[in-house]
There are 2 protein chains.
Amino acid sequence: MATEPLILLIEDEAPMRRFLRAALGAHPYRLLEADTMRAGLALAAGHAPDVILLDLGLPDGDGLDATSRIREWSTTPIIVLSARGLEGDKVAALDAGADDYLTKPFSVGELLARIRVALRHATATGKPDPAVVVGPLRIDLTSRIVTVNGVEVHLTPTEYKLLAALARFSGRVLTHRQLVKEVWGGHTTTATQALRVHMNQIRHKIEANPARPLLITTEPGVGYRMKEQDQEV
Amino acid sequence: MATEPLILLIEDEAPMRRFLRAALGAHPYRLLEADTMRAGLALAAGHAPDVILLDLGLPDGDGLDATSRIREWSTTPIIVLSARGLEGDKVAALDAGADDYLTKPFSVGELLARIRVALRHATATGKPDPAVVVGPLRIDLTSRIVTVNGVEVHLTPTEYKLLAALARFSGRVLTHRQLVKEVWGGHTTTATQALRVHMNQIRHKIEANPARPLLITTEPGVGYRMKEQDQEV
DNA sequence: ACCGGCGTTAACGAATTCCTAACGCCCGAC
DNA sequence: GTCGGGCGTTAGGAATTCGTTAACGCCGGT
């Protein structure tokens, strides 16, 4: 955040965009606008905004889905703006990864205050690095590229999800249940054997000696753990 | 967050406290209650809760003032609960350092979701994990890593469960029955002999002289006790 | 229709973990 | 002095878990 904080507004209704543009314009913020989910995701990935204001009622996609997609690689604060104020909607959005939820119509002052809260969090969190580096292994969570000693390795979708989940909590143990939930999503229960197979595949792709894994160790009876991320500067 | 997240509730009205106690009780949270601002500040300082729920309408002090006071030394998420829903109140509270603001009456589901958001932030802040440290022994309860003199020690699942239970109550005696309940879960009763075996294994792994245990002492006829943890900084 | 990549399940050897049993020790009770 | 209970210690076999390979079905592209 070298200059003014950058705010990404994803909203399809032009009047609302005008309104927010005017409200934010009076403050030292730079504004980025998108009127579709697709464009919003592209801007989020390309410009690394400091806060995202997301309207749930987009025509070309589910806002909850967008939230989870962004959360796969970024911790940028997301403030949801929605016309629907039911408890279920709020809970679903917050659990999908949103940081706040405002019901339309909202007051500008409150929105600005909540944006300030979000920015405060962002600076306190520091710079969430988009890449996890552990020894020779490097996982770029934004571009989905995994390299070992600089050479790119190809991972299948589930392999990547598994590795990314471990990377996001590098240094900590993830139980079998947590991993299954991260990769397959909550409801499945009998995937614990598939887990071992995929882990084996991953190890053959990233470990120097797959029989003696150093990067991803197994905690018998509990789960797996990726070695702690290398210390940054 | 060694075990369940600790939530501090600062609220003067007994019915509301009862209500929240019931709502939170159904979830894996530990609850701390205060009915005055003074008591709340003391508990916040003494117990380092993971989330603070703060009612603004306390009789013995201004909630905004309390928020700023806490923010002087802590970044613990503060969720304000207030009967007043005016924009000015919200902005003032959020700018004073609160992280969220809920207007009474609020739905329980939304409160719980916003608590989860707050807890998510707390873990993402990247502060070093809280650990129990007793002499050369260090037990990181979140990443599940045990070290002695800095070198990592491998523990089997039951060994770890046993050690973690003792660590959580370090300084206090845990009876055989309590330990069996912690490790095997409530119903089993004839595991008191297995207890001795596992304790023996643990001692060989963490004690300098397993025959003269210093870290985990046995209270004859009662149970075991881990030496009190070193004073934190 | 063929083929290759992918996800899942099955099967089996190997390693790990867990419990029970057995024995020796210490210490208080009688 | 001796008995008995609580505890520490060790060993062995049962049970669980893990790693590994092979096979099967699915799907998209050619």
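Computed from a prediction, not measured in an experiment: that's the story for all the values here. Letters go in sequence order (proteins before strands), and every chain restarts at 1.
Here the C1' atom of nucleotide D/dG19 and the CG atom of A/Leu195 are 13 Å apart, to the nearest Å. Atoms CG (B/Leu162) and P (C/dC19) sit 11 Å apart, rounded to a whole Å. We find that CD of A/Glu159 is positioned 13 Å from C1' of C/dT8, with the value rounded to whole Å. Going from atom CD of A/Gln201 over to atom C1' of D/dC18 covers 15 Å, rounded to whole Å. To the nearest angstrom, C1' of C/dG5 lies 14 Å from CG of A/Leu155.
Contact check, A/Thr156 against C/dG5: no side-chain N or O comes under 4.0 Å of OP1 or OP2. Residue A/His154 places at least one side-chain N or O under 4.0 Å from the OP1 or OP2 atom of C/dC6. Contact check, B/His198 against C/dC19: a side-chain N or O comes under 4.0 Å of OP1 or OP2. B/Trp184 has no side-chain polar atom (N or O) that falls below the 4.0 Å cut-off from OP1 or OP2 of C/dC18.
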Identify the pairs formed between an N or O of the protein and an N or O of nucleotides 6-11 of chain D at a distance under 3.5 Å, and give each distance.
residue, atom, partner, partner atom, Å
D/dC7, OP1, B/Gly221, N, 2.9
D/dG8, OP1, B/Arg203, NH1, 2.8
D/dG8, OP2, B/Tyr224, OH, 2.8
D/dT9, OP2, B/Asn200, OD1, 2.8

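Side-chain contact, B/Thr217 with B/Tyr224: no donor N or O sits under 3.5 Å from an acceptor N or O. Side-chain contact of B/Ser143 with B/Asp140: a donor-acceptor pair under 3.5 Å is present, judged by distance alone.
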Query raised in the report: Where do A/Asp12 and A/Arg17 land on the salt bridge (charged side-chain N to carboxylate O under 4.0 Å, His left out) test, with the steps shown first?
Result: CA-CA 8 Å; A/Asp12 62 325; A/Arg17 279 213 309 280; over 6 Å; no
Query raised in the report: Would B/Asp99 and B/His121 count as a side-chain contact (heavy atoms from CB on, under 4.5 Å) if you check the C-alpha gap in whole Å, the side-chain angles of each, and the deciding distance to 0.1 Å?
Result: CA-CA 10 Å; B/Asp99 297 276; B/His121 283 157; 5.8 Å; no
Query raised in the report: A/Met226 and A/Arg172: side-chain contact (heavy atoms from CB on, under 4.5 Å), yes or no, with the steps?
Result: CA-CA 7 Å; A/Met226 179 177 292; A/Arg172 303 193 176 181; over 6 Å; no
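Side-chain atoms of B/Arg114 come within 3.5 Å of backbone N or O of A/Tyr101 as a donor-acceptor pair.
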